[in-house]
Amino acid sequence: MGNNNAEEDNTKKKDSSKFKRKQLALSCMLNTEVGAVLALIRRPPELNSPYLTSDENYDSAAVTSLRSLRTLIFNPHHQEWRVIDPSIYLTPFLEVIQSDDVPAAATATALSALLKILKLGIFDERTPGAKDAMDAVVSGITSCRLEKTDPVSEDAVMMRILQVLIAIMNHKASFLLSDQAVCTIVNTCFQVVQQSANRGDLLQRTARYTMHELIQIVFARLAEIEVKDGEESSESDDDAGVLDSGYGVRCAIDIFHFLCSLLNVVEVVETEAPNAHTADEDVQIFALVLINSAIELSGEVIGKHPRLMRMIQDDLFHHLIYYGTWSSSLVLSMICSTVLNAYHFLRRFIRLQLEAFFGFVLLRVAAFGNTAQLQEVAVEGMINFCRQPTFIIEVYVNYDCNPLCRNVFEEIGKLLCKHSFAGNSPLTSLQIQAFEGLVITIHTIADSIDKLQDSSPLGPYSNQITEYRPFWEEMAKDEKDLESWVEYLRLRRLQKRKMLIAGTHYVRDDKKGLEYLKHAHLITDPPDPKDIAFFFRFTPGLDKNMIGEYLGDPDDLHLQVLKEFTTTFYFTGMVLDTALRFYLETFRLPGESQKIQRVLEAFSERFYEQQSSDIFASKDTVLILSYSLIMLNTDQHNPQVKKKMTEEDFIRNNRAINEGQDLPREYLSELFHSILTNAIVLAPTTTTVDMNPSRWIQLINRSKVMQPFITCDYDRRLCRDMFASIAGPAVAALSAFFEHADEDEMLHECIDGLFSVARIAQHGLEDTLDELITSFCKFTTLLNPYASAEETLFVFSNDLKPRMATVAVFTIANNFGDSIRGGWKNIIDCLLKLKRLKLLCQSIVEFDLNSDVPVSPRSGVHDSKLGSRQVSNIASHFRCASEDNMEDSLTIGSEFEQNVKMIKQCRIGSIFRRSSTIPEESLQNLGRSLLFAAAGKGQKFSTPIEEEETVGFCWDLITIIALANAHRFHTFWPQFHEYIIAVAQFPIFSPIPFAEKAIVALFTICVKLLSTQREEKLSEELIFKSINLMWKLDKEILDTCYEIISQSVIQLVSEYPANMQTQLGWKSVLHLLAITGRHPETYDQGVEALISLMSDASLLSRANYPFCIDCAFSFIALKNSPLEKNLKIIDLLSESVNPLIQWQRNQYSDPGSNYSGASTTSSSSSFEDNSNSRGIASATYTLNLFVKLGEAFRKTSLARREEIRNYAVQSLHKCFELADELLFTSSNYINCFNLVIFAMVDDLHEKMLEYSRRENSEREVRSMEGTLKIAMELLTDVYLQFLKPISESNGFRTFWLGILRRMDTCMKADLGHYGASTLQDFIPELLKRIITKMKEKEILVQKEGDDLWETTYIQIQWIAPALKDELFPES
């Protein structure tokens, strides 16, 4: 316990000792400073000094005070310095500083003493009398008296003053200073700044630095005041100040007002030295630096102090806009920086001011006509704004999407495009700068539009307004419903565009213009006067005469519009003539007095409502004075008026107009001189482009009622719409800059911009991407129609720019192909030129035919739209590739190898192999370009070989596309087929080699499609339509391309017959299969394929059955074909009745029953005439197929070889034997006889007679006679087989007479010189069989009312009289 107490005592002793030493040190310091000052005061002046004074008695009060202080310093009863009133030890030094007779050196030493006291912190804010002491120091410093001495000493004193001023503001007790004291400090510092202008550079720099420090300290405290007070300062706070807590908002307001006034110093120095302009510029720049510091340090806090904010809104921006239009480049640069800072922190409060700054300063200065230096500064200012994270979207939302504002973003974008558009080389610094800004803008939009977390829908939106919504009303942003807000913005942007269109219509015809407003739902029907008023007020380009005439019309609607139109003006704070000028700028005052009366009445009422003083007693006073001003204006500025009105005349004319009282003479005098010096333009042709006082007051008044600046983040839809407004100029600027740029870095920036445009264009701006591709394809030099292949290859090999353009174009095609439409034509043209230059490798057109073809969309296919990350990788890869290319050009000896390597980097093959994800519209444009190029459109071939290679290359690419998109073949190929039909109608079209190459490609596609089972049948029909079209263009193709045709159809029939489902497919395949028999090389394979098909009953279906018959007959009919093959085919034909029977039993249950009738092409056969209807009964349909089979046998029965003929007739006999199970009706049997058997007998008989008329043809006659016998026997057997059903038919009598007629014909066959026919012995036997059977069946019986017996009897007498008695004994 004792030890602890001892330690505490030791600690206290040490602290006490340390404190005493500190107090002693302070006392010594003060003593030293007092002694130094006294010594300097007592020192006699130098004899040779020009500043001698005769008074040797120095200020006794100052000396006495210093001596008194010295006696107190080491007083043993002296208290701690921190608790002593600072005035005690400050006052002596202040008296020295304020003394007139003290030497400059003593004053400087006293100032140094004050500086030490302040910096050492001898007192603080808790010291008694601290506030009074601080005020005393400020008062003493600002009233410092300096004896006239040498400049060096004076500079030293002023340097000390500056140091003390800073020390005061940095002191702990500085917050106790009043607002007035702080303002005094700043004012004192500025006085030093002014005095230092003609002194040393060091003093001048120090003074300016000190001023800067003071401004930083004052405005940095605004945030502290906000935090401390915890409440927003109100109007009364600003006026009264917060005295108890020291300086604050009020001094900040006064200081800021002072800084703004420095921008106007030109009025002060205007008549001084010749370098007045330089001095003015220097002060303006100094003021802008200080203003920038004030805004940067106080930041958003300024917005919470209304008076300070109003000063920025009004005074500051008015000066910035006014001086920004004509200042030097340096001042303009500082102004841009100031506005940029204001945008960062205060944009919510300066919406209209920012619009005015861009419209009246940057856009105007940057426009052509100013010096290049000023233009560069203005463009750099725009670029700095565009670099800000959300500037672009916020400007677009606040101005471009507001019908009452100008299109700030669009104007900035188009101006950058205009300046970066290079017309010749070399590029200027302004063009490079503007191009940089344009690329920054494009990159910003592209990066924002690709936000991964933004899943909002994209794509084109309607260009029509569906319902009325007031365009002059602005909806506040709703953070909870951003979707509706975005759509609202897009609507307002559309309304703005429609207003411009309506304005164009109105200028041509006012009635049509108003009708268009109704049609576009911009005004109601009947119209709302407010809508029309805002249309007149805010639509640029309207005819001012037409507006004036409309407003002056006495119609009720027009009067209401006039009132609403006048309501759009804000005259608060304007003098009458200023308001009247501004009002009459917007239209031309009508000529009729009554119309003028109505217009001025509306103006007077509005002005009287908003007057800011009590000068006018009523609106009538305003009306009378307005008339008087117009008359004065005419009097003073009309050259026809010789005697001008004087000021006294004007005042006398306006006596007692203010409710019987006179208006103030000074007011009338001011109006008179204003009109005298500046006429009111009563017939304005264009809107004033200067920011005049009336326009500025109107802007300030409007800003009070307008919604604040909207802060927002990027939205992909708005970004897309935003770029669309500058897309055309941007593409043109990119292209022109690339054309004239020489540096590699500039070229790479162009390519990066190209990729960013593509990223944006993939979201519904396909025309823009097409335009860009068209432009850059030109730079590849591959599309020059006047250059030879050698010239093109030389330029392409020796210039980096064409190679960069080529790689860029194909990179876009690879990564943004889904957004390309018409641009495919240029890409294909470039590709074909590379082909002719032999720079393409074979792998481009290679496709794995053994891979499976997708029948549905590929799994894993994602949204093909690329984001910023993927495109960044693309751009990086592109830069590396181009750099490698440059290095290779130095190392690789062969230019050809170098070019080939570069082409490989283009990955051209993947464009087509990966086309499965691009939209159908893009795919159709790609196909169209390839097909038209293959047909020769836009192509120039030097040799037939070149043409053939080009056409083949195009069809190879079409094949790759078709196979890559097999899963949607049925949706895109119909348009491809239409393109094929279209190219076939070209005047220059030649089927060779187009059709030859096409047939090969189409069969490749066909085989690949049918290699997989597909649910839909349309693809099969489509591909065979195209195949048939190709060989029909030139039938010689069937012979010139027979190998590939044979190979393909044989493969289809042999390997994939089960996958063919349509009649058109089977008809085409089997027709072409039949053609393979024409060629000995392919006959064996073809016939084996047919035999294999027909041998498998499961492969036969209603879809292919009739075409199998046709194909079989075609093979049988071939000359010199192997007999055993023909007999085999005939056997298969006869056996094919079994499937017919099975199908009839199953009632359409076979796989091919559900064929499409639409796919069957017209044919002359009875089968195809009767089978196109889906509602056919099973028996009738089966009959058609059976008749088709019978007709094949009938035609085969006429073959030259007897074995085949006879075998065919016998096989037909087998078919009829099986036909029992087909359950034909009696009429069906008769039809079969008529179409098959009767026709066959007639044909054979005719053929036999034909041979009999030839010489040396006995063998043929007898051979044909033998076949006819077999046919007649067939007729007899079949007739007897189906005798009963046939006899039940109503047409039996006619049918029976047909049989008898053919028997008679055969009996009377005349073989000429070849002798009698053996038929005469054969026919009677057949007749005997038939009649005997008919009698047995009681079909042929003698009965009353039936003449069949009598008719038969008569016919037998003619045919075979010898049989009469035997067959008809009863008769």
Side-chain angles (χ1 to χ4, degrees), residues 852-857 962-963 965-974 976-977 1002-1030 1045 1048-1074 1089-1090 1092-1112 1136 1139-1140 1142-1144 1146-1163 1165 1167-1168 1170-1176 1178 1181-1182 1184-1185 1188:
D852 293 334
V853 174
V855 296
S856 60
L963 297 183
N965 293 273
H967 59 280
R968 50 174 176 168
F969 187 87
H970 59 286
T971 61
F972 77 84
W973 193 263
F976 275 40
H977 185 74
L1002 292 172
F1003 264 115
T1004 303
I1005 298 170
C1006 179
V1007 171
K1008 197 64 180 175
L1009 283 175
L1010 295 179
S1011 64
T1012 308
Q1013 183 69 43
R1014 311 177 72 85
E1015 294 181 3
E1016 50 86 19
K1017 304 177 183 179
L1018 185 56
S1019 297
E1020 181 183 332
E1021 291 191 1
L1022 291 170
I1023 192 62
F1024 280 112
K1025 276 185 180 180
S1026 299
I1027 290 173
N1028 291 336
L1029 175 62
M1030 285 301 99
I1045 294 175
S1048 300
V1049 297
I1050 290 171
Q1051 185 179 3
L1052 289 173
V1053 172
S1054 303
E1055 299 181 19
Y1056 311 120
N1059 294 339
M1060 286 193 290
Q1061 307 175 59
T1062 66
Q1063 281 196 326
L1064 178 61
W1066 278 110
K1067 179 180 179 180
S1068 303
V1069 168
L1070 293 173
H1071 172 73
L1072 295 173
L1073 180 64
L1090 176 65
S1092 175
L1093 174 66
M1094 296 189 67
S1095 298
D1096 189 347
S1098 65
L1099 298 179
L1100 291 178
S1101 66
R1102 285 186 173 87
N1104 64 18
Y1105 185 84
F1107 311 116
C1108 288
I1109 295 171
D1110 289 339
C1111 183
S1136 67
L1140 291 179
Q1142 187 63 35
W1143 296 338
Q1144 177 140 349
N1146 296 339
Q1147 292 293 309
Y1148 291 85
S1149 64
D1150 69 289
S1153 62
N1154 295 324
Y1155 69 92
S1156 172
S1159 67
T1160 305
T1161 57
S1162 61
S1163 173
S1165 69
F1167 164 76
E1168 292 181 39
N1170 294 320
S1171 64
N1172 288 334
S1173 174
R1174 290 290 292 121
I1176 304 173
S1178 175
Y1181 183 74
T1182 306
N1184 293 332
L1185 297 179
K1188 181 77 175 178

*Where the side chain of Gln1061 meets the backbone of Arg1014, is there a donor-acceptor pair that is under 3.5 Å apart?*
yes
_Quick check: closest heavy atoms across Leu1100 and Pro1139, and the distance to 0.1 Å?_
CD1-CG, 4.1 Å
*Side-chain contact test, heavy atoms from C-beta onward, threshold under 4.5 Å: evaluate it for Leu1093 versus Leu1070 and give yes or no.*
yes
_Check: Asp1110 side chain, Lys1067 main-chain N or O, donor-acceptor pair, under 3.5 Å_ = no
*Considering all heavy atoms of both residues, which atom of Arg968 and which atom of Thr971 are nearest to each other, and what is their separation?*
O-OG1, 2.7 Å
*Evaluate the side chain to side chain donor-acceptor pair (under 3.5 Å) criterion for residues Thr1062 and Glu1020: first the C-alpha distance (whole Å), next the side-chain angles of each, then the deciding distance (0.1 Å), finally the verdict.*
CA-CA 7 Å; Thr1062 66; Glu1020 181 183 332; 2.8 Å; yes
_According to side-chain hydrogen bond (donor to acceptor under 3.5 Å, both in side chains), who are the partners of Ser1136, at least two apart in sequence or on a separate chain?_
Tyr1105
*Can you find a heavy atom in the side chain of Leu1072 that is under 4.5 Å from one in the side chain of Ile1027?*
yes
_Minimum side-chain heavy-atom gap Pro1106-Trp1066 below 4.5 Å_ = no
*Below 4.5 Å, heavy atoms only, C-beta onward: do Leu1002 and Cys1006 meet side chain to side chain?*
no
*asked:* What's the separation between atom CG in Leu1185 and atom SG in Cys1108, rounded to the nearest 0.5 Å?
replied: 11.0 Å
*asked:* Could you report the tightest heavy-atom contact between Phe1024 and Leu1064, atom names first, then the distance?
replied: CB-CG, 4.2 Å
_Minimum heavy-atom separation for Ala962 and Ile1005, please, with both atom names._
CB-CD1, 3.5 Å
_Please verify the inter-ring angle class for Phe976 with Trp973; under 30° counts as parallel, over 60° as perpendicular, anything in between as tilted._
tilted
*List the atom of Ser1026, the atom of His977, and the distance in Å for their closest heavy-atom pair.*
OG-ND1, 2.8 Å
_Between CG on residue Leu1009 and OG1 on residue Thr1004, distance to nearest 0.5 Å_ = 11.0 Å
*Counting N and O atoms only, with roles assigned by atom type, does the side chain of Ser1011 sit under 3.5 Å from a partner on the main chain of Lys1008, one being a donor and the other an acceptor?*
yes
*All side-chain hydrogen bond (donor to acceptor under 3.5 Å, both in side chains) counterparts of Ser1068, not counting sequence neighbours*: Asn1028
*Working to the nearest 0.5 Å, report the span between CG of Asn1104 and CG of Leu1099.*
8.0 Å
*Note, Phe969 side chain near Leu1022 side chain (heavy atom, < 4.5 Å)*: yes
*Spacing of CD1 belonging to Ile1050 relative to CD1 belonging to Ile1045, to within rounding of 0.5 Å*: 11.5 Å
_Which atom of Ser1048 lies closest to which atom of Val1007, heavy atoms considered_ = CB-CG2, 4.0 Å
